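Just so we're on the same page: letters track the sequence lines, and every chain starts at 1. Quick caveat: nothing in here was measured; it's all calculated off a predicted structure.
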Number of protein chains: 2
Amino acid sequence: MFSKACEYGIKASIFIAVNSREGRRVNPKEIAEEIDSPQAFTAKILQDLVRANLINSVKGAYGGFEINKNEISKIKLSQIVRAIDGDRIYNGCGLGLHTCDETHPCPVHDKFKLVRKELKDLLENTNLEQLALNIKSGASFLKI
Amino acid sequence: MFSKACEYGIKASIFIAVNSREGRRVNPKEIAEEIDSPQAFTAKILQDLVRANLINSVKGAYGGFEINKNEISKIKLSQIVRAIDGDRIYNGCGLGLHTCDETHPCPVHDKFKLVRKELKDLLENTNLEQLALNIKSGASFLKI
DNA sequence: TTTATTTCGGATAATTTTATCCTATTTATA
DNA sequence: TATAAATAGGATAAAATTATCCGAAATAAA
Ligand code: FES
Ligand code: FES
């Protein structure tokens with residue numbers, strides 16, 4: 001469904017959001033521990049998210065990654081996924097035809113549209129604040 | 001979503017079904033042409049499907065791949081996907097946690113369940129006969 | 001029985017994805 | 001200004017997926 005890179009990117013973003021809400025910056029080591037991911041690889045993905053302007057990085061001593069407090073609720077999961085996996089999840093054909101095209105549908109097109117609709121709904125209507133709050137309250141988990 | 005191998009496997013199965021309905025065996029060369037896939041790789045996937053007892057192979061001259069006429073409507077997409085990609089699509093966590101567990105959910109678990117439900121519906125309630133008929137009638141396509 | 005045809009299966013190669021390592025650059029603080 | 005602490009980024013490496021090749025085994029028909 002999502003690439004490993006994307007899974008790590010989503011979980012890292014949530015962990016950063018949890019901490020940024022409390023004014024704390026975090027570094028790749030902490031992040032990788034909290035989301036159970038390979039540290040250096042995770043750091044690379046964080047770079048992508050910084051370049052996509054979804055998170056901020058601060059170099060040097062006392063630096064780390066953070067998200068602007070009043071941005072947290074504005075960042076949708078879709079933006080993170082798009083920054084890492086592109087939008088094949090939105091536009092790609094379920095059976096790999098060059099394009100998903102209503103007028104030239106693959107055999108599963110009609111039902112696949114429903115799957116994609118549900119996924120789109122998940123990605124478009126979920127923001128980092130909601131996810132951070134659920135982590136904070138212990139309603140959901142980032143690892144194991 | 002599905003692996004390339006699985007995409008090829010699904011499309012190949014449909015093409016075989018279309019032809020088996022008309023009493024015709026097909027070989028990897030034809031199949032690869034009709035579904036626009038690499039021939040040798042497709043042949044490997046066909047072997048998997050044979051081993052999973054979803055399609056039959058006949059060796060030697062005038063051989064090829066076929067599906068028992070009265071099996072065609074009984075083969076569900078889920079069986080093909082399971083034979084090639086396993087059942088991570090059914091049981092896997094959307095964010096890569098070790099297991100998808102109601103009592104230890106990842107941040108997207110609740111909404112991801114709906115996506116999976118839709119996908120399950122697609123896979124469980126679609127059989128090769130329906131798909132073959134749609135190809136035959138020109139309502140759907142296996143390539144481009 | 002011989003031949004031509006076809007799948008089977010193992011070995012290998014290419015590509016993509018995932019992961020690691022090391023140095024350069026930036027920056028806060030002493 | 002010197003130092004220590006961080007991220008940035010390039011170069012590799014490892015692993016998984018995708019793809020190719022070739023000889024062996026099976027089989028139908030001549
Ligand atoms: S054409 Fe395949 S999903 Fe739309
Ligand atoms: S725990 Fe992640 S989808 Fe269920």
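What separates CZ of A:R51 from C1' of D:dG9 is a distance of 8 Å, to the nearest Å. One can place CG of A:D48 at 15 Å from P of D:dT7, the figure rounded to the nearest angstrom. Between the C1' atom of D:dT18 and the OH atom of B:Y8 lies a distance of 7 Å, rounded to the nearest Å. As rounded to whole Å, 14 Å separates atom C1' of D:dA19 from atom CD1 of B:I35. Atom CD1 in A:I45 sits roughly 14 Å away from atom P in D:dA8 (whole-Å rounding). One interatomic measurement links the two molecules: CZ of A:F41 to P of D:dG10, which rounds to 17 Å at whole-angstrom precision. Atom P of nucleotide D:dT7 and atom CG of A:N27 are separated by 5 Å, given to the nearest angstrom. Counting to the nearest Å, the P atom of D:dT20 and the CG atom of B:L46 are 14 Å from each other.
In this structure, B:Q39 does not reach the D:dA19 phosphate: none of its side-chain N or O atoms is under 4.0 Å from OP1 or OP2. For the OP1/OP2 pair of D:dA6 and a distance below 4.0 Å, the side-chain nitrogens and oxygens of A:S57 include no atom meeting the criterion.
Each of A:Q47 and A:Y62 was assigned the nucleotide of DNA chain D with the nearest heavy atom; the assignment lying further toward the 5' end belongs to A:Y62. In terms of position on DNA chain C, the residue among B:G60 and A:G60 whose nearest nucleotide sits closer to the 5' end is B:G60. Checking B:G64 against A:V58, the closest nucleotide of DNA chain C that is more toward the 5' end is the one next to B:G64.
For the atom pair CD of B:E30 and CD of B:Q39, the computed distance is 10.5 Å after rounding to the nearest 0.5 Å.
You'll find that the side chain of A:F65 is closest to D:dT7, out of D:dT20, D:dT7, D:dA26. Ranking D:dG9, D:dA8, D:dT27 by closeness to the A:K44 side chain, first place goes to D:dG9.
A:K11 contributes no side-chain N or O that, together with a main-chain N or O of A:A32, makes up a donor-acceptor pair within less than 3.5 Å. A donor-acceptor pair under 3.5 Å is formed between the side chain of A:H104 and the backbone N or O of B:K143. Within the 3.5 Å criterion, the main-chain N or O of B:I67 finds a donor-acceptor partner in the side chain of B:S20.
Put simply, the side chain of A:I55 does not reach to within 4.5 Å of the side chain of A:I75, judged on heavy atoms. Contact check for B:R51 versus B:Q47: side-chain heavy atoms found under the 4.5 Å cut-off. You'll find the side chain of A:Y8 stays beyond 4.5 Å of the side chain of A:S3, heavy atoms only.
Here chain B contacts DNA chain C (any atom closer than 4.0 Å to a heavy atom, that is under 4.0 Å), and the contacts span C:dT5 to C:dA11 from 5' to 3'.
At the heavy-atom level, B:G63 lies under 4.0 Å from the strands shown only through sugar-phosphate atoms.
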